[in-house]
Amino acid sequence: MSIHKPSSPLGDAVRIFVRNKPALVSLIMISVLAFSAITGALFTGDKAEPADLVRIEEAELLGDYYETNVKPRAVAHPGKTELKDTFLPPFSDSREHKDKTYWLGTDDLGRDVAARLWAGSSISLTIGFLAVGISVLLGISLGGIAGYFGRERVGISVIAALLLFLAGGILLATDIVGPGWAMIGVGGALVLGMLGIAIAGGRFKTAGFFALTLVLTLSLLLYNRSIETGTPEGAVYTEARKTHEAAYDQLMALRDYGRAVKAWEDEDPQHVLNLPERKDLPAWLYAGQLDVEVGMRLLALQEQRFNLQKYESALREAERLHAEQQQRAEYQQEYEGAYRTRHEESLAEVAEHLKRRDELFKAGDRDAGREAAAAADNAQLRANTFDPAAMMERAKKLHETAIARQAYVAALNAGIAEGIAARRKAMEVAAAELEAIRAKGASDAKELRERQYEMETVTRTLKLAEDDFNLADNSQRRQAIETALKGLTDAKPEHAGVRSLNDELNGLNGRREGLEAARKKTEDSLADLEKRKKEEAQGGDVAKGVERAFPPLPIQGSNDLIDRRGKMRKAFVIKFDTEKRNGLTSLRVSKQLDGNYRYGFYRFSSHFLTITALVLLLSIATLMVMAAAQGVALDKFKALKPAFLPTISVDDLVMRFTEIMLTVPVIFLILAILAIFEKDVFITMGVIGLTSWMGTTRFVRAEILSLREQDFVQSARSLGMSDFRIIWRHLVPNAISPVLVSATLGVAGAVLAESTLSFLGIGAKPDQTTWGMILSEGREYIFDAPWLTWIPGLAILFTVLSFNLLGEGLREAFNPKLRGR
Amino acid sequence: MLTYIVRRLFQMGLTLFIVSVISFLIVALAPGDPLASQLDPKKTDADLERRRDDIGYDDPVVKKYLDFYAKFFADLGAVVGFDGGQEEYSWKLTSETSKEPVLPTMWRKAGVTLPLLIVNTLVVWSLSFPVGIYSALRRNTPQDRAITVISYTLIAFPGFWISLLIIGFVTKTLGVPIVSPETIGVDLEGPQAFFDRTWHVAIPALVASLTGVAVLTRYVKGQMLEVMNHDYIRTAKAKGLDNDVVYYRHALRPASLPFITMIAGLLPSLFGGSVVFEAIYGWPGLGRWFLEAVFTRDIYIVMTSLFVSAALTLIGILISDILLSVADPRVRLS
């Protein structure tokens, strides 16, 4: 029996690892990379090196960020900046300085690819390591908890309390304050809930803690209530709050109408179309909430809306079709050139083949001649396929359709513009009249207003009538129905369809007659108005003389009108303007809703205590019940565990969460989250880390589960070691090697993921150089400057390969079962 | 069996609910304006304002959540056929940018992605099993080492890079257009159209399957080696059974059981599997649709895609579990 030196597991592992050549080479390569990453971060980090050049288009996209962070550095403008060393292939000398050599070439902005690669290595590798750090940290802690404390039971009530906390936090936070606070609220609720679970799951005697919290909460609640109802100030406050609420609602509603009126005055049909339909408008009018003038206008607006909707939909459709056709025509034209070339090439080929065939036939080589003839046929066939004449024919047809559509759209636009112009003209006339009548004096003021309205109503009715006629479908439809009806009536006079068609026809006929009558009436009253205007113009000179002789006194009726008009503007238009300027715009910028914000702020101040107290109270009450039931069941009398309180293990809780996270496709999750935040490589890193911990969690749990049953852990426990000590001294060192392996493989995955995301254009800011970015920028020049894609691509390939091989080497070294595979 | 499925469906419902809440919170609490991408100069502030009201941009989150899922399930009902007998169903979820209804569009886009996915899956599964088994049976031979090196290299290849190189090669050197599902601007018919489509599907699918082949090959090899170490294989060999019988009947069947669970990933990969390749090869499929929706903050599309893909994952898991219980007599569903 030979005596041999007892070997340590670590020594074995090192010996096995050293024998694994690929893994060793990978380790050396990774060390070189790490060195280059560190030096890259040190030397190229913040200088205005060519590596920091940003394309001007990107700079414009960056906006403010560009102004403050990037502008101080060098920025290359394609048109303005003179760039010397662009597109130099690898191993070439600089055109400016002969002693400078670009070992890996330069890109479109003359940046040294080697320098960029160097700078990129620091970011890419940092991202890889940090992302894996996050995911490993999360994976170990969650897996450790699930493995070690897995059998601890958590009452459904705890989960209910947790959800309650969460729901309370979310409701409280999102309804009233902004998303930022919502996050804090949810996070805080989570921490509190976790704390609650930890305490409640452990000790029964902590019930005292809950009792204390309960008392505190109750007293808070009572205090709040007593302030609100008990004191005179509180009563006044409550009353004021109610008034404020009512007033605020009304203000909001009125603001909408202010918007509508403003829009109408701006002569924008689009806005009239957008007018919300309010059934309570007449009631408001009578209740005196609305100025008469405004109310009448709004009623008129609501009518006009239906008319405009017709136009709007026709216009939309026409525009859409037009755009579609135009694009297709462009498409065809774009391709036409390419096809013409193919066509001509093919024709030339045909000629060549024919020539060759003749020569061959002449020479007597009939087989080769036949082949040439076949080739000529083929070329002819290809030429026919790419015949530009047919292509052009199609494009022309499409173009003609597009032009027709355009004309249709133009006609529709003109129709609307004409209507607006007519109305504006009528309003100008009315305004002139208003001036004249005001000069004449007070007695005419009332009449003027009436006539102004008349004018407007008449113009509007006229417009309506004209619009209806313009929309030719009225008469067409009538004719169609008449024709259809005739046939139907002959066949089946008693059929329900016939009856309804009859009704419709009658309705259309009536409508037509009504429209004719309205048109006639309108024209009459317009003529009447013109006549009256002429009469007034004649009398105007007299009035002017009178005015010169007797300067106008402040006349009650006229001033009333002016006041009311002014008030109306103030209440609905100017108020809206200021509201919009002060409230909407600034608040929209800060991503808050104006009304909700102010209303919410006030509600926040008054209800915050109440809601908080209620949420706390409910949660703590459930926690108490749970603590009592569970404490008794677990620690003291197992038989007394109430059957109605189901429990779930910590293991279940963690692993179900892990499974849920696995359910959402990772690439989707990453994309969705990255779309939210600003482009930044470190956010990308965090997101990659936060979405890749599930695998680590699962196998750390499995590892810990098997380890905790082993003898050395049992004996440590029987020695009275604390859980914490057992975990850190015994479990973690034993479980670390598979974690190391998976982390190494994880770095490879993270580098690959980061480069993919950067390539898709969502990973990094333009001034953050990562390998994926370099590759993505070189993509445009793949034919002219292939080294711009090859070099970063190879860098990524070799890095990922090294990490994978190192990971496999480590796995083999640490896991004796796998040896020899 | 039936009770098991019913219970699993119930659990799936619960999981889906939680997923829906999480994904909704991620999207809904995000800063950023879904209408910011609408750079239509004809739209005024007031238009955008009204549109915000329409989509409930300023509503409380809970209301938004309920609104969204009410609309989603109404549309889903219409897709399935419960649209209340209306002839013209007006879709409730419509894209903010293109104004197209979300669910029919999703259905159409799935039809674009499906050929890619099918060819990809066929290539991956039909290549990696033979290669993996070959590699396991000839362990430590030069062939095995070559396969290992090749598969490691393939795993490390950035898929988008190799795609770029291949597009460059094929379009420049061979002069064949391969970007997009079919050649644009030419009306091909009959066999020509068929070959054109085949060519356009084959290259992205093959490139996309490179990594899959490498990973699955290694996995198959590992499984085979694991099984070959078992005692019953040695017993079978000791009985003097033919090697083929031992390998393909005794070893392969238990070794391939874990791969049944991988079927679960096939359904959702319709969504996430080919985002990058669709983006590079210009396929207007589901992945690219989602990517564009993410860029334009088209939250209806993002939410719907997240929900549907999570549902598909769960359905895939259920199917694979049932298949596993059919294939593996040791697994009892309870």
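Note that the structure is a prediction, hence the values are computed from the model and not measured. Within every chain, numbering begins at 1; the chains are lettered A, B, ... in the order of the sequence lines, protein sequences first and strands thereafter.
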- Task: Working to the nearest 0.5 Å, report the span between CZ of A/F803 and CD1 of B/I155.
- Result: 15.5 Å
- Message: Counting only heavy atoms not in B/Y152 (residues, nucleotides, ligands), do more than 12 fall under 6.0 Å from its OH?
- Response: yes
- Heavy-atom pairs under 4.5 Å with chain A, option from B/V19, B/V302, B/L164 with the top count: B/L164
- Query: Quick one: what part of B/R145 sits under 4.5 Å from any heavy atom of chain A, side chain, backbone, both or neither?
  - Reply: neither
- For residues B/W161 and A/W790, determine if any side-chain heavy atom of one lies less than 4.5 Å from a side-chain heavy atom of the other. yes
- Item | chain A contact via B/I280 - which portion, at a heavy-atom distance below 4.5 Å | both
- Can you check whether B/F157 reaches A/I796 side chain to side chain, under 4.5 Å on heavy atoms? no
- Message: Heavy-atom cut-off 4.5 Å, strictly under: side chain, backbone, both or neither for B/F290 against chain A?
- Response: side chain
- Taking every non-hydrogen atom, the tightest pair across B/A156 and A/L801: CB-N, 3.5 Å
- List the atom of B/P158, the atom of A/G793, and the distance in Å for their closest heavy-atom pair. CG-O, 4.3 Å
- Note on the structure: Heaviest contributor of heavy-atom pairs below 4.5 Å to chain B, chosen from A/S802, A/S776, A/S755, is A/S755
- Message: Looking only at heavy atoms and a cut-off of under 4.5 Å, which of A/T799, A/L752, A/N804, A/T756 has the most pairs with chain B?
- Response: A/T756
- Item | Most contacts with chain A, counted as non-hydrogen pairs under 4.5 angstrom, among B/I18, B/T153, B/L165 | B/L165
- Is any side-chain heavy atom of B/F160 closer than 4.5 Å to a side-chain heavy atom of A/L775? yes
- Task: Give, as side chain, backbone, both or neither, the part of B/S305 having an atom under 4.5 angstrom from any heavy atom of chain A.
- Result: both
